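In what follows, a single structure is set out as structure tokens and then discussed.
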Amino acid sequence: MKNNWFCPNCGQPMEAQRHVDNPTGSITWTIGCLNPEHFHTRGYVNAAIAEIQLEKLLHQ
């Protein structure tokens, strides 16, 4: 990720995560808190797009 992002719920650093759908082989990226109950983006085609969407969500 280009920037360091922190969870709006707890202040912990957020990480980009790669997800693979085994049946289809499609790959998506999310950015979110390590706590699964806290903030996460939806899945996007690549990490850069996920980060752009994260920026839009957090600066509304």
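It should be emphasised that the depicted structure is a prediction, and the values quoted were computed from it without experimental measurement.
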Next item on the list: For residues P8 and L58, determine if any side-chain heavy atom of one lies less than 4.5 Å from a side-chain heavy atom of the other.
Entry: yes

Notebook entry, point to check: Rounded to the nearest 0.5 Å, how far does CD of Q17 lie from OG1 of T30?
Noted result: 5.0 Å

Notebook entry, point to check: D21 and P23: which non-hydrogen atoms are nearest, and at how many Å?
Noted result: OD1-CD, 2.9 Å

Next item on the list: Among Y44, W29, W5, find the one that has a side chain to side chain donor-acceptor pair (under 3.5 Å) with E51.
Entry: W5

Check: Hey, is CG on N4 packed in by over 12 heavy atoms from elsewhere, all under 6.0 Å?
Finding: no

Notebook entry, point to check: Rounded to the nearest 0.5 Å, how far apart are CZ of R42 and OG1 of T28?
Noted result: 11.0 Å

Checklist line | Over all atoms of both residues, closest heavy-atom pair of H40 and C33 | finding: NE2-O, 2.8 Å

Next item on the list: Determine, using the 4.5 Å side-chain heavy-atom cutoff (strictly less than), whether M14 and L57 are members of one ILVMFWY cluster.
Entry: yes

Item checked: Donor-acceptor under 3.5 Å (T41 side chain, I31 main chain) -> yes

Next item on the list: Supply the atom-to-atom distance I27 CD1 to R18 CZ, rounded to the nearest 0.5 angstrom.
Entry: 4.0 Å

